[in-house]
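Working notes, beginning with the structure itself.
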Amino acid sequence: MESIQHIITELTPLLQQYGYYILALAIAVEGMGIPAPGQSLLVVASLLAASGKMSLPAVLMVGWSASFIGNSIGYFIGRQFGHVVTRKQWIKPKTLTKLHGFIDRYGMLGLIISRFVEGIKQFMCIGCGIAAMPAKLFFTGNFLAVTVWLLVFGVAPAYLRDEVAPILAFYHKYQTQCWIVAAVIVIAIVWLVYRRFQRSRVVIEE
């Protein structure tokens, strides 16, 4: 794994030269299935904002908008041109099989989880389109996924800049365990909200 200092050294000149434009472009095309250092640029931009070299609200606004729009374009590419993507094998059959399995198993929650899984996150939105996930379900999941992703890689680095390296090292070492815990927490929260909603509806009907 590349050290955070190496990533900062490599990407800071890009942000200094092209600013928010390169941040928006890299994040957006990443959502369309095109390899780009969008997430790494977001982390570096957040760290630069913490030192006063960029504006954190602007970084977050650009990051959220670019990610949501890029993911949405990826979804529509999958919906409209999925047959071309599969025929041309722009996504490897093995990756496509994994995507379908992931979507079938996790549904909307898979959008959130996929943001943190390398090899799937780049093609997840196109995969949702190819799998004909309902638009309402996709956009709801996309909204939640982008928000959670931005909190982790956009907000957290700015406020935990001294702890970023050990946190990333821990995450990469125990990635599976981290997501099992996160999935359990999310499922528990969703279940509690659902139960409360059901109780409220019963009270209203009575």
- Task: Please work out which of the three classes, parallel, tilted or perpendicular, describes the rings of Tyr75 and Phe138, given edges at 30° and 60°.
- Result: parallel

- Do you know which two heavy atoms are closest between Ala45 and Leu23, and how far apart they sit? CB-CD2, 4.2 Å

- State, to 0.1 Å, how close Glu30 and Ala36 come at their nearest heavy-atom pair, and which atoms those are. OE2-O, 2.7 Å

- Counting N and O atoms only, with roles assigned by atom type, does the side chain of Thr12 sit under 3.5 Å from a partner on the main chain of Thr9, one being a donor and the other an acceptor? no

- Query: What pair of heavy atoms forms the shortest contact from Ala66 to Ala24, and how long is it?
  - Reply: CB-O, 3.4 Å

- Residue pair Val155, Ser46: steps toward the side-chain contact (heavy atoms from CB on, under 4.5 Å) verdict: CA-CA 7 Å; Val155 176; Ser46 178; over 6 Å; no

- Item | Heavy-atom donor-acceptor pair, Ser65 side chain to Val62 backbone, under 3.5 Å | no

- Val152 and Pro157: which non-hydrogen atoms are nearest, and at how many Å? O-CD, 3.4 Å

- Examine Val146 and Leu137 and state if one hydrophobic cluster contains both, with Ile, Leu, Val, Met, Phe, Trp and Tyr joined whenever side-chain heavy atoms are less than 4.5 Å apart. yes

- Message: Please report the interatomic distance CD1(Ile22) to CD(Gln17), rounded to the nearest 0.5 Å.
- Response: 9.0 Å

- Query: Do Gln39 and Trp149 have side chains that get closer than 4.5 Å, going by heavy atoms?
  - Reply: yes

- Query: Is the count of non-hydrogen atoms from other residues, nucleotides or ligands lying under 6.0 Å from Phe81 atom CZ greater than 12?
  - Reply: no

- Side-chain (Thr147) to main-chain (Phe143) donor-acceptor, under 3.5 angstrom: yes

- Any donor-acceptor pair under 3.5 Å from Ser67 side chain to Ile27 backbone: no

- Please assess Tyr20 against Met61 for the test side-chain contact (heavy atoms from CB on, under 4.5 Å), listing each intermediate value before the final yes or no. CA-CA 10 Å; Tyr20 302 104; Met61 183 177 68; over 6 Å; no

- Main-chain N/O of Met133 paired with Arg79 side-chain donor or acceptor, under 3.5 Å: yes

- Message: If hydrophobic clusters are built by linking Ile, Leu, Val, Met, Phe, Trp and Tyr wherever their side-chain heavy atoms come under 4.5 Å apart, do Val43 and Val148 end up in the same one?
- Response: yes

- Taking all non-hydrogen atoms of both residues into account, name the closest pair between Val59 and Leu42 and its distance. CG1-CD1, 3.9 Å

- Query: Which heavy atom in Phe139 sits nearest to a heavy atom in Ser72, and how many Å separate them?
  - Reply: CE2-OG, 3.4 Å

- Task: Please check if Tyr18 and Leu11 belong to a single hydrophobic cluster, counting links between Ile, Leu, Val, Met, Phe, Trp and Tyr side chain heavy atoms closer than 4.5 Å.
- Result: yes

- Going only through I, L, V, M, F, W and Y residues with side-chain contacts under 4.5 Å, is there a path from Leu41 to Tyr21? no

- Message: Is there a path of hydrophobic side-chain contacts, each under 4.5 Å between heavy atoms of I/L/V/M/F/W/Y residues, joining Leu25 to Leu14?
- Response: no

- Using the six-membered ring wherever Trp is involved, compare the ring planes of Trp64 and Phe68 and label them parallel, tilted or perpendicular (cut-offs 30° and 60°). parallel

- Query: Tell me, do Asn71 and Arg115 make a side-chain contact under 4.5 Å, heavy atoms counted?
  - Reply: yes

